[in-house]
Amino acid sequence: MTKHGALKLKRPSFLGLAIACAVALTFSCKSLPEPEAVEPLALIDRDAALYMYIPVQAHLPLVTATLVRMTNMNEKDAERIASRTETVYIAEETTKKRQVFQLSAKGSYPLKYVTKALVPENGWTPQVTENLSLPHSYYKNPQTQIEVALPSSENALVSYHVEPQLGQYEEAVQAKANALVDATPVNAMPEGFDKKVYEFLTAGSNAEIRFYERKADAFLQNMLGTDLKLPLKSVAGTLANAKKTDSEYDAKVILEVADATPAKIKALLAGLKIALFPMPAKIQQTGVSYITISDISLSKSTLSKLLLQ
């Protein structure tokens, strides 16, 4: 769906759930005596449908404003929490058989504030894992069912069931230890991660929000508001702060076509131009199997409202 030439994002609010927990991101801990920091991308699901990367410092106003509106905290406190976070990775998928929402953040989180913030009076119940090789502390909000843990002072985890992420943390720490013993470098790409997804999330500008969706048809319908049936393998894209205005994002969407042929690409180009009219989008083939939609915008105010749903 388009309005006044701007793209209206209709994706469910996975980021909204993450921001709802950001108040707690500086205040969790675990029981390991010497917590080891690991790369945040290693601590999310390997087989989710949607992945997102958010460079928080490039989008502080959005994160701060969302914190204020969702928690009623003052702006100064919201800025302090957001300023402690460098990057966020999100894995999300909802089907009849499984639900995945996982956030993994990298930042600087002083663990000493745990007992002062994540307390029952603020809606958080302390928990300890039972099925891992080491006990890890985490906190659960009974109302939202969200769980929060900080396995190290640089890693923050948020999900509906945080124990699998803490298990991945243990594996990542062990991998680092093994590499040290064997005098070998630690693999940058987490084991089991899709190479194409990894490369897209970790490449490009550090100021762009980047997303990669493997259930392309459903995602494109939710995002563009079109019922056009497209033979796609994936949808990826970026959101960058617009150069001409502070109120919008410059958006780019990359479609990967399944079993692409020249005739199929030509038909898809024509169909997309009709589906996206009257939005002044630039639609072009950018590879044998790829179509890129650019010169489109997403209202920041619209995105901010969607985060609160």
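On a predicted model such as this, the values are computed, not experimentally measured, just so you know.
Below 30°, between 30° and 60°, or above 60°: for Tyr89 and Tyr53 the angle between ring planes is between 30° and 60°, a tilted geometry. Ring geometry for His136 against Tyr169 counts as perpendicular: the plane angle is over 60°, on a 0 to 90° scale with 30° as the lower cut.
When all heavy atoms of Ser137 and Ala149 are compared, the closest pair comes out as O-CB, 3.8 Å. For the residue pair Pro55 and Ala207, the shortest heavy atom distance occurs at CG-C, 3.7 Å.
Taking 4.5 Å as the limit, every side-chain heavy atom of Tyr51 sits out of range of all side-chain heavy atoms of Asp194. Using a 4.5 Å cut-off on side-chain heavy atoms (C-beta onward), Leu255 and Leu272 make contact. You'll find the side chain of Asp259 stays beyond 4.5 Å of the side chain of Pro231, heavy atoms only. Using a 4.5 Å heavy-atom threshold, the side chains of Arg210 and Met52 count as separate.
For Tyr290, the ring-ring contact (aromatic ring centres under 6.0 Å, His included) criterion is met by no residue, not counting sequence neighbours. In this structure, the salt bridge (Lys or Arg N to Asp or Glu O under 4.0 Å) partners of Glu256, at least two apart in sequence or on a different chain, are Lys196, Lys233. Taking Ala240 as the reference, Glu208 meet the side chain to side chain contact (heavy atoms under 4.5 Å, CB included) condition, with sequence neighbours excluded. In this structure, Lys264 has no salt bridge (Lys or Arg N to Asp or Glu O under 4.0 Å) partners at least two apart in sequence or on a different chain.
One distance of note links CG of Leu132 with CD of Glu163; it measures 4.5 Å at 0.5 Å rounding. Atom OH of Tyr138 and atom CG of Leu157 lie 12.5 Å apart (nearest 0.5 Å). Rounded to the nearest 0.5 Å, atoms CD1 (Ile283) and CG (Leu269) are 7.5 Å apart. Distance check: Thr238 OG1 to Phe200 CZ gives 6.0 Å after rounding to the nearest 0.5 Å. One finds the CD1 atom of Ile254 at 12.0 Å from the CD1 atom of Ile291 (value rounded to the nearest 0.5 Å). Distance check, rounded to the nearest 0.5 Å: CG of Leu103 to CD of Glu92 gives 12.0 Å.
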Using the rule given for side-chain contact (heavy atoms from CB on, under 4.5 Å), can you reason through Asn241 versus Asp250, listing the C-alpha separation, both sets of side-chain angles and the distance that settles it, and then say yes or no? CA-CA 6 Å; Asn241 291 315; Asp250 289 332; over 6 Å; no
Check the pair Val100 / Tyr160 against side-chain contact (heavy atoms from CB on, under 4.5 Å), numbers first and verdict last. CA-CA 8 Å; Val100 173; Tyr160 289 118; over 6 Å; no
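Checked by atom type and distance alone, the side chain of Glu147 pairs as donor or acceptor with a backbone atom of Val162 at under 3.5 Å. Remark: side-chain polar atoms of Gln285 are not paired, donor with acceptor, to backbone N or O of Thr292 under 3.5 angstrom. Between the Arg214 side chain and the Val197 main chain, no donor and acceptor come within less than 3.5 Å of each other. Remark: side-chain polar atoms of Ser159 are not paired, donor with acceptor, to backbone N or O of Gln102 under 3.5 angstrom. Of the possible polar contacts, one joining the Gln57 side chain to the Thr85 backbone as a donor-acceptor pair under 3.5 Å is found. Of the possible donor and acceptor atoms, one in the side chain of Asn155 sits under 3.5 Å from a partner among the backbone N and O of Val38.
Heavy atoms from other residues, nucleotides or ligands lying under 6.0 Å from CD of Gln143 number 12 at most.
A continuous path of hydrophobic side-chain contacts links Leu50 to Ile293 [ILVMFWY only; heavy atoms under 4.5 Å]. Under a hydrophobic clustering in which Ile, Leu, Val, Met, Phe, Trp and Tyr are joined whenever their side-chain heavy atoms come within less than 4.5 Å, directly or via other members, Tyr212 and Leu239 fall into different clusters. A continuous path of Ile, Leu, Val, Met, Phe, Trp and Tyr side chains, each step under 4.5 Å between heavy atoms, connects Val56 with Tyr249, placing both in one hydrophobic cluster.
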Would you mind writing out the side-chain donor-acceptor pairs for residues 176-190 within the sub-3.5 Å range, not counting sequence neighbours?
{"from": "Lys176", "atom 1": "NZ", "to": "Glu36", "atom 2": "OE2", "distance (Å)": "2.9"}
{"from": "Lys176", "atom 1": "NZ", "to": "Ala37", "atom 2": "O", "distance (Å)": "2.9"}
{"from": "Asn178", "atom 1": "OD1", "to": "Gln174", "atom 2": "NE2", "distance (Å)": "2.9"}
{"from": "Asn178", "atom 1": "ND2", "to": "Gln174", "atom 2": "O", "distance (Å)": "3.4"}

Enumerate donor-acceptor pairs with a distance under 3.5 Å from any side-chain N or O in residues 41-49 to protein atoms, sequence neighbours excluded.
{"from": "Asp45", "atom 1": "OD2", "to": "Asp47", "atom 2": "N", "distance (Å)": "2.7"}
{"from": "Asp45", "atom 1": "OD2", "to": "Ala48", "atom 2": "N", "distance (Å)": "2.9"}
{"from": "Asp45", "atom 1": "OD2", "to": "Arg98", "atom 2": "NH2", "distance (Å)": "3.4"}
{"from": "Arg46", "atom 1": "NE", "to": "Glu191", "atom 2": "O", "distance (Å)": "2.8"}
{"from": "Arg46", "atom 1": "NH1", "to": "Ala42", "atom 2": "O", "distance (Å)": "3.1"}
{"from": "Arg46", "atom 1": "NH1", "to": "Ile44", "atom 2": "O", "distance (Å)": "2.8"}
{"from": "Arg46", "atom 1": "NH2", "to": "Ala42", "atom 2": "O", "distance (Å)": "3.3"}

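Side-chain polar atoms of Ser152 and Tyr109 form no donor-acceptor pair below 3.5 angstrom.
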